[in-house]
Amino acid sequence: MPVGTIVAFAGDLDPTWLASQGWLYCDGAELDQTQYAALYSAIGGNYGAGHSTFFLPDLRGRFPRGVDLGAGRDPYVLTRSPSNKGGLSGNNPGSTQGYHTALPTLSFTSEKTGGHQHPVQHLPKSSEGLATAGSHYGIWPDSKTWTGSAGDHTHTVNGGDAETRPINKYVYFLIKFDG
């Protein structure tokens, strides 16, 4: 296996044992270029570098992604930043980017077309009194809050999460530093 290879590892994280096997944990640690010459030769300052040091990839809590290389699958390729000072940006290994959550591009269809139900605040319990539904006031003859087909309208989607991600499972990412 070539030096610089990154693999997923499901065992316990024992840095001493892993180092004896030629592996390091991808935690963004700063290493000496001379002490880890073979690894530095393989990955250089892709993940950042100093005068005589370089950084390991930091894959803690991150999804690795293949470099786009003109495939057009990463619409934000030019906004990718270096992992650390001296690292690579843009369409290069070692570059990083924050999360993006795309807005839906397709129309939403309710489960039932036409009439559907909405909660109405302060709905009167009898046929007397006004209630507010959106920007409209009305009198409801009963407790139903259904719109008819003439009530077709659009809905705005609000909310969302701090990231978009598939179902996932934790592993350690290791990098080969010694043949």
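Residue numbers run from 1 in the order of the sequence given.
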For the side chain of [X] and the backbone of [Y], is there at least one donor-acceptor N/O pair under 3.5 Å apart?
X: Asp58; Y: Arg60; value: yes
X: Asp12; Y: Asp14; value: no
X: Asn84; Y: Gly87; value: no
X: Asn46; Y: Gly94; value: no
X: Thr96; Y: Ser81; value: no
X: Asp68; Y: Arg73; value: yes

Are the side chains of [Y] and [X] in contact, using a 4.5 Å heavy-atom criterion?
X: Pro57; Y: Phe173; value: no
X: Gln35; Y: Tyr40; value: no
X: Leu24; Y: Leu174; value: no

Item checked: Residues forming a side-chain contact (heavy atoms from CB on, under 4.5 Å) with Glu30, sequence neighbours excluded -> Thr53, Phe55
Next item on the list: Using the six-membered ring wherever Trp is involved, compare the ring planes of Tyr25 and Tyr172 and label them parallel, tilted or perpendicular (cut-offs 30° and 60°).
Entry: perpendicular
Checklist line | Exceeds 12 heavy-atom contacts within 6.0 angstrom, atom CZ of Arg62 | finding: no
Rounded to the nearest 0.5 Å, what separation is found between the [atom1] atom of [X] and the [atom2] atom of [Y]?
X: Ser89; Y: Arg80; atom1: OG; atom2: CZ; answer: 10.0 Å
X: Ser95; Y: Tyr47; atom1: OG; atom2: OH; answer: 8.5 Å
X: Leu59; Y: Asp27; atom1: CG; atom2: CG; answer: 10.0 Å
X: Gln97; Y: Arg65; atom1: CD; atom2: CZ; answer: 5.5 Å

Margin query: Looking at every non-hydrogen atom in both residues, tell me the closest pair between Asp32 and Thr34 and how far apart they are.
Written below: OD2-N, 2.9 Å
Notebook entry, point to check: Of the non-hydrogen atoms in Val171 and Ala8, which two are nearest, and what is the gap between them?
Noted result: CG2-CB, 3.7 Å
Check: Going by the salt bridge (Lys or Arg N to Asp or Glu O under 4.0 Å) test, which pairs reach into residues 169-179, not counting sequence neighbours?
Finding: none
Checklist line | Derivation of the side-chain contact (heavy atoms from CB on, under 4.5 Å) call for Phe54 and Ile43 | finding: CA-CA 9 Å; Phe54 69 107; Ile43 69 169; 4.0 Å; yes
Note to self: I'd like to know if Trp17 and Met1 are part of one continuous hydrophobic network [Ile/Leu/Val/Met/Phe/Trp/Tyr, side-chain heavy atoms within less than 4.5 Å].
What the structure shows: yes
Next item on the list: Examine Leu39 and Ile6 and state if one hydrophobic cluster contains both, with Ile, Leu, Val, Met, Phe, Trp and Tyr joined whenever side-chain heavy atoms are less than 4.5 Å apart.
Entry: yes
Next item on the list: Output all residues satisfying ring pair (Phe, Tyr, Trp, His ring centres under 6.0 Å) with Phe177, sequence neighbours left out; order by chain, then residue number.
Entry: Tyr36
Next item on the list: Please assess Leu18 against Leu13 for the test side-chain contact (heavy atoms from CB on, under 4.5 Å), listing each intermediate value before the final yes or no.
Entry: CA-CA 8 Å; Leu18 289 172; Leu13 187 62; 3.6 Å; yes
Item checked: Candidate pair Ile175 and Cys26, rule side-chain contact (heavy atoms from CB on, under 4.5 Å), full reasoning -> CA-CA 6 Å; Ile175 187 165; Cys26 291; 3.8 Å; yes
